[in-house]
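Contents: one structure, followed by commentary.
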Amino acid sequence: MLRLPTRTIRKSSLIPKRLISLKGSHLHKPASDIFSNSSSSNSGVGQSLGFMKSSQISMSPGFDPFDRSHAAASNQTTQSRDVMQLWSLLEACICSKYYNRAFSILQSLYMVGSHRPYFIDDYNMYLESLVENGLISSINELDKKLSDDLQNTFKDVDYNDRTLAIMVHHALKYNHFQLETQNHLKIYFRMSVRGIRSILSHVNILTISDYAALHADLKMISLNDIPEAMKPLLENKAQERKKLDREKPDMLEREKVSVGGNSLDVDPRKIEADHNKCIFSLDQEVKPLEKDAATLKAVDTLNMRVVRHALLGLSLNEKQKEQISKFNFDANSNLLNVDEKKSLDFFEIYRSLTTEEDKSKFEKALDDFNQERQRALENRATDAAKERWKHDFEEAKARGDISIEKRLNVKLWEWYSAMLPLVKEEVKLCSQVFAGYANEKKNILKMDAKQDKARLDYGPYLSLVDPEKMCVITILELLKLNSTGGIIEGMRTARAVISVGKAIEMEFRSEQLLKSESQAFRDLGKNSHELKRYLQRAKSTFRSMKIEENKIMWPQTARAKIGSILISMLIHVSKVEVEGVDPVTKQKVYGEAPAFAHGYQYHNGSKLGVLKIHRSLVHQLNGERLVASVQPQLLPMLVKPRPWKNWKSGGYYYTQSTLIRSKDSPEQIAYLKAVSDANAIDTVYNGLNVLGETPWTVNRPLFEVMSRVWNSGKQFLDIPGVQEKLTLVPPPPREADPSVHREWKLKNKELANKFSSNRSTRCDSNYKLEIARAFLGEKFYFPHNLDFRGRAYPLSPHFNHLGNDMSRGLLLFWNGKRLGPQGLKWLKVHLSNLFGFDKASLNERVQFADEHVNDIKQSAQDPLREGAWWMTAEKPWQALATCMELNDAMKLDNPEDFISHQPVHQDGTCNGLQHYAALGGDIDGATQVNLVPNDRPQDVYAHVAKLVISRLQVAAAKGDELAMILKDKITRKVVKQTVMTNVYGVTYVGATFQIDKQLSNIFEDRKYSLELSKYLTKHVFSAVRELFQGAHLIQDWLGECSKRISKSIRLDVDEKSFKNGNKPDFMTSVIWTTPLGLPIVQPYRETNKKQVTTNLQTIFISDPFGVNPVNARRQKAGFPPNFIHSLDASHMLLSAAECGRHGLDFASVHDSYWTHACDVDKMNVFLREQFIRLHEVDLIERLKDEFDERYRNYVQIARVERTSELAKQIIALRTQLSKELGRQATLADEIYLEKRRVQMLQSEDPQEKADAEKMVTTVSLVEAIGSIEPIESKKSDASTLVILTPLRLPQIPPKGNFDVRELKNSKYFFS
């Protein structure tokens, strides 16, 4: 029997934490003292939004800082990388049932000292798999296994309550009515580390039958001990049990059977299991998912009958009732409207319902149906794609279709069929290698067979996903990557192999989750619909726990190797049919060519490995329906997304997403995890959940117009026409002037680029239209997460409201609301805005729509007639959608009664400048960006254009020729983009190209246009600085702060990190906390790529665990715009949360906020209130306080004039220090002395404090004179001296007199 715990039990964690280092922690104030100097107003507002709590946590986050030294960070991340690689290999071996290799990996993990406290989680995963796969045949055998392992092999590890949950689950597999089983169970419960409830909390291990046996049969636990999500299921069982107990005596008598003349009682446990099927009758038996996930069946016949019954009970017309009665409510048959077979338009039915009660019933029935469809969609997408390919292939075969122009799906099926045997053979070879490893481990490791050694590394991963699915995923991934990464008609090899490997990993994660869920609820039947809701809640709890528990990601090397193996197989088998002309007979001949070809090409001066796609295939990709090639994890969801509750639990149901889409930044993840674990960013979660829970549908009338345009193949608005071949300009004669040849080359290059761009745009449009087609009539949602600055983006990238004009025009709110008088007004204002008539007063914008009533009606009724009015709009597709909405409203006697689904936008006026004006209290700037109430909206772009014209007129009067040429050419449009991006740190070169884009339409000579643009950019920059002086002072201050921080060093830096003792690695990132408590870590560090050899080519991949020295230039350039982005993101999330609280449907595109027309006035109040709430605090003062605290006791390297008095004192001090050390003193020695001085100054020993006050260091000498500005030098020659100075940030610019509360009455702040 297992021993009771004798040592101190360590808490295990689902996520590995770095060991907490207290080095240097005494250099910081206690958390309670942080920001004690801040103004009282700061703390009140900050506290309510989450800033105070989060910033205190991120100051002392409980992990080793990343800026102590490059060596320390590398050592720390190397351990994390090693553990992650061992984890992923352990998981792969366990899932592939290579248990010998798994145990040896456990032994390797055990040797990583820092990981030891969390090792029990890894062992539990191994133990759970042994139990679930029947490798342990008795209770005593499991006890012995655990006891031997923990006492002999893993001596410093203790079990935890999850271990005991596995033991309990295993014991309950046997006859729990036997005394021996009950004794084991009692001992397991007595052994609990944190109590019985902790053991029972593991709903992803214990099944419903386990809870039922412990509660009802053995009376070992009470109902209160059972997790909340499971209680309703058990309570229902208790009621059924009373009935069962009354019938049990008769049943037992009947169940006695005779064996060899002797009476034998049937095992009561069997009776219990039989009755579980009857009592728990929510689903027909859900069997565990087999290894071949293609066999998954999610048909929920009873549930679908209930859905149909509920829908038929609504007030529908006869046609709708007939459609519903004939509709196949099988989730697998109706993943999406891909093949245009679905006859039911759910949105139209919903709109036709007249009572709120009917609408509520309809939505409930649809949500039930969609729960099953979402499950099927996320888990059966590859099967569905394969089935479509096969269907098209068999249809073509039946027709005898041998055309050279085979449908794309037919080709894909042929590739799939040829690739599958190769993949199966490779999986088989991997299994054979592992069989050899298990039997003759020593011999295998000594073998020279290089491929077999490689299979030991990648084999476990290749065995995790069904070969059929891997073939489909590989094909779809390569099709999706067409023309990405700047490669025309192809893709980068490195991106392709990583993408395929990552897609295989995502599929594995989804399958594992589904398999676990099926096993956990396998004993629930399907005959009782009443408990369906409880079951869904229990499953949701289970899924969240499993996804949050997941801590493993495959290493990039494993992804690369798996991807390269699969891609090389596809290259080998994939062919396309080609035709040519025999040069002798001049007759057409047919043959095959590779669909993909691996090669190399130069891109921006670098040699890249590329995969090129055959041109005939590219043509098909641009023309055929491609929705089947979109991963389900990248599509909108049919049900509300999983709400965000922590940093890695939200979004899709069977795929893990993280709150921040961080690219290779372990530092960002570490800070995010720290504040998430402390529940300090709940406001962020609330805002994101509001965005995710807004239901949408597709605008069918607009989609039908787009389809007609698309199918014509002609160019229309921003959709390029079909161009099958690139037509180039013929070459000039060989004897022509070199300038003519140069012009010819440039012209053809321009034509080739335009051809490629048009193809790419058409392919992208095809994606969007196909996804829209699939979701016609559906109710769907966009799950969101954040970029590192806190800006929200939908997780589904191909089709969403952040897309182009076409995407936005296709989207409607699912919910409809009566327009009312204000709604009708705002719908007209919205139309005016879409036409670019947005700088007039609101009344004038309404008048604009009223004056074009006939145009609106004609546009809606005959949108494709030549010269249609809507095509002249700035955003034509959205304008047409609004024309259709207004036209439908005007058909009613009272248009105000119209139920509108159209999103109406409110856009900020150059939102970045609005934040800068509020930060600096700049009255002039605030006036120009509509923070100050006014009768008319101010047009900042037109105002800057006027300032530029004035400057050019003055210059022209002085004889400046360029000014003379340009002064009459300046319009609002010329300067708009540069003004907009100036505040976000656009460079001089970037701004020049922006202006050139406009001037090139006026001046044909490109070189001359560029020269004029360079000249004009200087004037635009000067005009903006003149107008927004306060904003630019803050921008300069932010830039200077980031420059100093990124060149600073911690006092407790690892002295060994100094090169020769004098050249440190600069490791300090700029880190700040948003008003909502989100810690922002700028990820700009020097890149360090790792070389990986694959069977395609050697590729270089980034290390997701690497922490390198910071890139100071990017840190400085990025901080001002990133800080402003973090503020506009905070404002948006605050506004979203407030709109959600008041029942508004809300969506946003950064600084453009959307809601129903009738709710615009409410939303306007909320977004103004939240902007004021954000800026009531002096955010710049608070940022300075945070920096002073976060970077307290950091030092920086400076240069002073060698002839200065300070330099002489420091030289003398260094001479004395060198004499004491017996060697030349270094900067590392000086930092050590300063650290010692600071520690002694903070000592409670009076003598130590007194000694510290007498100590002289280079830093104390600098502190004694105050500022070194008069003697600081920018030279780097022998006339200067390198010294250490305390990190001192510049004083913040003075704040102006603008009171942000004024904007409450500014109706044009957002309009």
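Just so you know, these numbers use all the heavy atoms, side chains as well, and skip hydrogens, waters and symmetry mates. We count residues from 1, following the sequence as given.
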Is it true that [Y] and [X] share a donor-acceptor pair across their side chains at a distance under 3.5 Å?
X     : Y     : result
Q1170 : S1135 : no
Q938  : T909  : no
Q847  : D850  : no
T981  : Q994  : yes
D1145 : T694  : no
S807  : N804  : yes

Determine, for R700 against E348, whether the closest basic-nitrogen to carboxylate-oxygen distance falls under 4.0 angstrom. no

Between D805 and R808, does at least one N-O distance fall below 4.0 Å, as a salt bridge requires? no

Candidates W814, F782, F347, F799 - the one meeting ring pair (Phe, Tyr, Trp, His ring centres under 6.0 Å) with W696: F782

Could you point out which residue of W1154, F813, F1166, Y1153 forms a ring pair (Phe, Tyr, Trp, His ring centres under 6.0 Å) with F1146? Y1153

Are R762 and W710 in a cation-pi setup, meaning NZ or CZ lies under 6.0 angstrom from the ring centre and within 45 degrees of the ring axis? yes

Aromatic Y350 / basic K359 pairing, under 6.0 angstrom, 45° off normal: yes

From the list R1301, H1131, H915, side-chain hydrogen bond (donor to acceptor under 3.5 Å, both in side chains) partner of H1175 resolves to H915

Within the side chain of Q914, is there an N or O that forms a donor-acceptor pair under 3.5 Å with the backbone of V929? yes

Are side-chain heavy atoms of [X] and [Y] found at a separation under 4.5 Å?
X    : Y    : result
V974 : K969 : no
E778 : V698 : no
K779 : E363 : yes

I'd like to know whether the aromatic ring centres of H901 and H1156 sit less than 6.0 Å apart in this structure. no

Are the aromatic ring centres of H1150 and H905 under 6.0 angstrom apart? no

Yes or no on side-chain hydrogen bond (donor to acceptor under 3.5 Å, both in side chains) for W826 and D1161, after CA distance, side-chain angles and deciding distance? CA-CA 9 Å; W826 280 114; D1161 287 323; 3.0 Å; yes

K946, NZ atom: more than 12 neighbouring heavy atoms under 6.0 Å: no

Over 12 foreign heavy atoms within 6.0 Å of CG, D862: yes

Aromatic rings W870 and F716: how do their planes relate, parallel, tilted or perpendicular, breaks at 30° and 60°? tilted

